[in-house]
S.K.: 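Structure incoming, see below.
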Amino acid sequence: MALRTTAQGKEAGRAPLPLTSRRDTWWIRPLLTVIVLGSFVLYATWRGLENQFFEAGPYLSPFYSPLLPIDLSIGGWKVSPAIYIIAFPLLFRLTCYYYRLAYYRSFFWDPPACAVQELAQRKRYTGEREFPFILQNLHRFAFYLAVVFIFILGYDAIRAFFFDGRFGIGLGSLIFIVNVVLLILYTFSCHSFRHLIGGRINCYSCSNASKTRYGIWKRISLLNARHGLFAWCSLFSVALTDLYVRLVASGAVRDVRFF
Ligand code: FES
């Protein structure tokens, strides 16, 4: 028997049917996604607008890196440089295939899980072929920008080991290193990068170059299988790195120095 939708149930003058007959806790995942992703967006927006406490000794918040040495005011209104900087990593994450899955399910409820009905019955489904979702196709270009940021944040992580020109190790130095490693794992496990390396080729064994590409593609595929994990871990690490810088810069905590 065909599954009747809620809308159909209403049309037929009957009580609406439940969204799903699943009895497991399928709703936990979308709920957690809303809480975690929503919290991150709120935190990043607040920090981006705050425009202070982003530098403490050799530590520079990832939301404010690179430091922009120009006045970015618009019409006398002082604009936080983070607004310009965050836009690029944000584009990368918003268009990421993994995050798309996560927020289409949790925020748009479209559908929220397998075998769970969508809330709204659409008349026409255009997928990502029309505005605004066609912009998701910018992801491959956002990947190139993300690679630039890996170099910038990698430089910041090295700088985090030099206190007044002398080598040292603080808790912040270690946090910066962990952050950049997680960002590298997230960026280079990207589906677009995997396609860049192993896609658009018909024969992997026909030349030494294609064999090499195949070898790299296999390794990237191993990373790619954990892309979702890296997406969450790097999201946490960016927020925690910024939070640590803010706490030290505002004097709320003192940086722990090991060396
Ligand atoms: Fe997630 Fe490219 S698919 S960053």
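For ligands, and for the atoms within them, numbers begin at 1 and follow the listed sequence.
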S.K.: Relative to Y97, does R100 satisfy both conditions: NZ or CZ under 6.0 angstrom from the six-membered ring centre, and within 45 degrees of the ring's axis?
M.R.: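 Yes - R100 lies over the ring of Y97, closer than 6.0 Å to its centre and within 45° of its axis.
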S.K.: Assess, by modelled atom type and distance only, whether the side chains of D255 and Y244 contain a donor and an acceptor separated by less than 3.5 Å.
M.R.: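 Short answer, yes.
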S.K.: For ligand 1, does Y186 get within less than 4.0 Å through its side chain, its backbone, both, or neither, judged by non-hydrogen atoms?
M.R.: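 Answer for Y186: side chain.
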S.K.: Just say parallel, tilted or perpendicular for the rings of Y98 and H227, cut-offs at 30° and 60°.
M.R.: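 Aromatic pair Y98/H227 classed perpendicular.
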S.K.: For ligand 1, which atoms have a heavy atom of F92 less than 4.0 angstrom away?
M.R.: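 Heavy-atom distances to F92 below 4.0 Å select 4 (S).
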S.K.: To 10 degrees, how wide is the angle SG (C190) to atom 2 (Fe) of ligand 1 to NE2 (H139)?
M.R.: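 The angle at atom 2 (Fe) of ligand 1 comes to 100°, rounded to the nearest 10°.
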S.K.: Residue-level breakdown please: for R93 versus ligand 1, do any non-hydrogen atoms fall below 4.0 Å on the side chain, on the backbone, on both, or on neither?
M.R.: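 Neither; nothing of R93 gets under 4.0 Å from ligand 1.
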S.K.: I need the atoms of ligand 1 closer than 4.0 Å to a non-hydrogen atom of C96, numbered in the order shown.
M.R.: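 Under 4.0 Å from C96, ligand 1 has these atoms: 1 (Fe), 3 (S), 4 (S).
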S.K.: Could you list the atoms of ligand 1 found under 4.0 angstrom from a heavy atom of Y97?
M.R.: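 So the atoms of ligand 1 that pass are 1 (Fe), 3 (S).
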S.K.: For the residue pair F54 and F63, is the inter-centroid distance of their aromatic rings smaller than 6.0 Å?
M.R.: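 Ring centroids of F54 and F63 are no less than 6.0 Å from each other.
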S.K.: Heavy atoms only, cut-off 4.0 Å: how does F193 contact ligand 1, side chain, backbone, both, or neither?
M.R.: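 Neither part.
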S.K.: Take the angle between the ring planes of Y204 and Y214 and call it parallel below 30°, perpendicular above 60°, tilted in between.
M.R.: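 Plane angle between 30° and 60°, so tilted.
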S.K.: Are Y64 and I152 connected in the hydrophobic side-chain network, where two residues link if heavy atoms are under 4.5 Å apart?
M.R.: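 As far as the 4.5 Å side-chain criterion goes, I152 and Y64 are not connected within one cluster.
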